[in-house]
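All values derive from a computational prediction rather than experimental measurement. Sequence lines set the chain letters: A, B, ... in the order given, protein chains first and strands last, and positions in each chain run from 1.
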Amino acid sequence: MPELPEVETTRCGIEPWLVGATITQVRIHNHRLRWPVPTGIETCLTGQIIHSVERRAKYLLLKTDSGTAIIHLGMSGTLQIVAPATTLRKHDHVEIEIESGSILRFNDPRRFGCLLWTSNNPLDHPLLAHLGPEPLHDEFNGAYLYTTSRSRRITIKQFVMNAAIVVGVGNIYASESLFRAGIHPKRTAGRISLERMTRLADAIKLVLQESIQQGGTTLRDFYNGDGKPGYFKNKLNVYGREGEACVTCQKPIRKIFLGQRSTFYCPDCQK
DNA sequence: CCCGATTCCTGTAGGC
DNA sequence: TGCCTACAGGAATCGG
């Protein structure tokens, strides 16, 4: 399930193929994604030169002179560069062909992803305009978490998963970061000290960076632009490890539900 | 404003 | 073996 490291891994995988390339043809096989693929996006994209492949939060941005394609991978989306005439697979919803004949394919079984188009600054698009800071930027730190959380009564896990607070921290990395920071996921966000928030911000940065280095986390669905899985799964300390021994204290990892989401933690190491 | 619940979707896993 | 159900989750949206 693509979180920030998986999206960044995808971006790195497709960027060298796409930057400077001219789009020769766009085929939409299924418009029915999380939001309908806008009719006419083929015309907007065809003939355009992709001058950069950027990421904001979990959105990928294919920038051209006349506008930007905004792609979100949702739960199960993947982007892959395939050779000309590669057989279409089930759930290949979009194909963007470039002049070399290579094709960028968007595959998404659960269709929680999207492909949109904007002629304006993509950062002003309604979906992107109200996002919080990037977790790997300096503006995201313990002081930021501390000040934005005062008076907030939700749990710290739900707080860091809120994209208006900080982007890119999904269910897996929220549990992993809280474990590394030694903070219980049910703690009230507004009552956590600056010191502990600093540990948490540092843990989030570290976990995300390590995962990007490993090519992301592949649980079931995720494969990068080369069709390879990510290896961060091997470094997960708590996620998906209910009942297994904590890597630090050997006590069994617990699973609870917070806001309808599975949450994993060590009852001994996280207070 | 804040926060919990609901919603979209399909592949997979577990029970019988 | 096959059917049925529960579950997984990003994030917008709705309702209290």
Table of protein N/O atoms under 3.5 Å from nucleotides 2-5 of chain B N/O atoms:
residue, atom, partner, partner atom, Å
B/dC3, OP1, A/Arg153, N, 2.5
B/dC3, OP1, A/Ile154, N, 3.3
B/dC3, OP2, A/Arg152, NE, 2.4
B/dC3, OP2, A/Arg152, NH2, 2.9
B/dA5, OP2, A/Gln260, OE1, 3.3

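- Rounded to an integer number of Å, the gap from A/Phe112 CZ to B/dG11 P is 12 Å.
- Atom CZ of A/Arg27 is surrounded by more than 12 heavy atoms from other residues, nucleotides or ligands within 6.0 Å.
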Across nucleotides 11-16 of chain C, 5' to 3', mark each nucleotide with B, S or - according to how protein heavy atoms within less than 4.0 Å reach it. BS----
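- A salt bridge links A/Arg56 with A/Glu134: at least one charged nitrogen is closer than 4.0 Å to a carboxylate oxygen.
- Rounded to an integer number of Å, the gap from A/Asp108 CG to C/dG10 C1' is 11 Å.
- As a whole-Å value, the separation of A/Asn162 CG from B/dC1 P is 13 Å.
- Using a 4.0 Å cut-off between charged side-chain N and carboxylate O, A/Arg105 and A/Glu97 make no salt bridge.
- Between the C1' atom of C/dG10 and the CG atom of A/Leu128 lies a distance of 14 Å, rounded to the nearest Å.
- A salt bridge does not link A/Glu6 to A/Lys58: none of the charged side-chain nitrogens sits closer than 4.0 Å to a carboxylate oxygen.
- In this structure, NE2 in A/His125 is found 11.5 Å from CG in A/Leu123, a value given to the nearest 0.5 Å.
- A/Ser211 and A/Tyr173 share a side-chain donor-acceptor pair at under 3.5 Å.
- With a 6.0 Å cutoff to the six-membered ring centre and a 45° limit on the axis angle, A/Arg55 does not count as a cation-pi contact of A/Tyr59.
- For the pair A/Lys255 and C/dA8, the criterion of a side-chain N or O lying under 4.0 Å from OP1 or OP2 is met.
- Residue contacts shown for A/Phe257 are limited to sugar-phosphate atoms, with no base heavy atom under 4.0 Å away.
- Atom pair A/Arg111:CZ and B/dT7:C1' shows a separation of 14 Å (rounding to whole Å applied).
- Inspection of the A/Lys255 and A/Ser262 side chains reveals no N or O donor paired with an N or O acceptor under 3.5 Å.
- The pair A/Arg89-A/Asp92 meets the salt-bridge criterion, with a side-chain N (NZ, NE, NH1 or NH2) lying under 4.0 Å from an Asp/Glu carboxylate O.
- Taking atom CZ of residue A/Arg89 and atom P of nucleotide B/dG11, one finds them 13 Å apart after rounding to whole Å.
- Of the side-chain N and O atoms in A/Lys90, one or more sit less than 4.0 angstrom from OP1 or OP2 of B/dG11.
- Between A/Leu33 atom CG and B/dC9 atom P the separation is 11 Å, expressed in whole Å.
- Rounded to 10 degrees, the angle between the two end axes of the helix from B/dC2-C/dG16 to B/dC16-C/dG2 is 50°, with five pairs used at each end.
- For A/Lys63 and A/Glu54, the salt-bridge test passes: some basic side-chain N is under 4.0 Å from an acidic carboxylate O.
- Atoms CD (A/Glu242) and P (B/dG14) sit 13 Å apart, rounded to a whole Å.
- Aromatic ring orientation, A/His184 versus A/Tyr265: tilted (interplanar angle from 30° to 60°).
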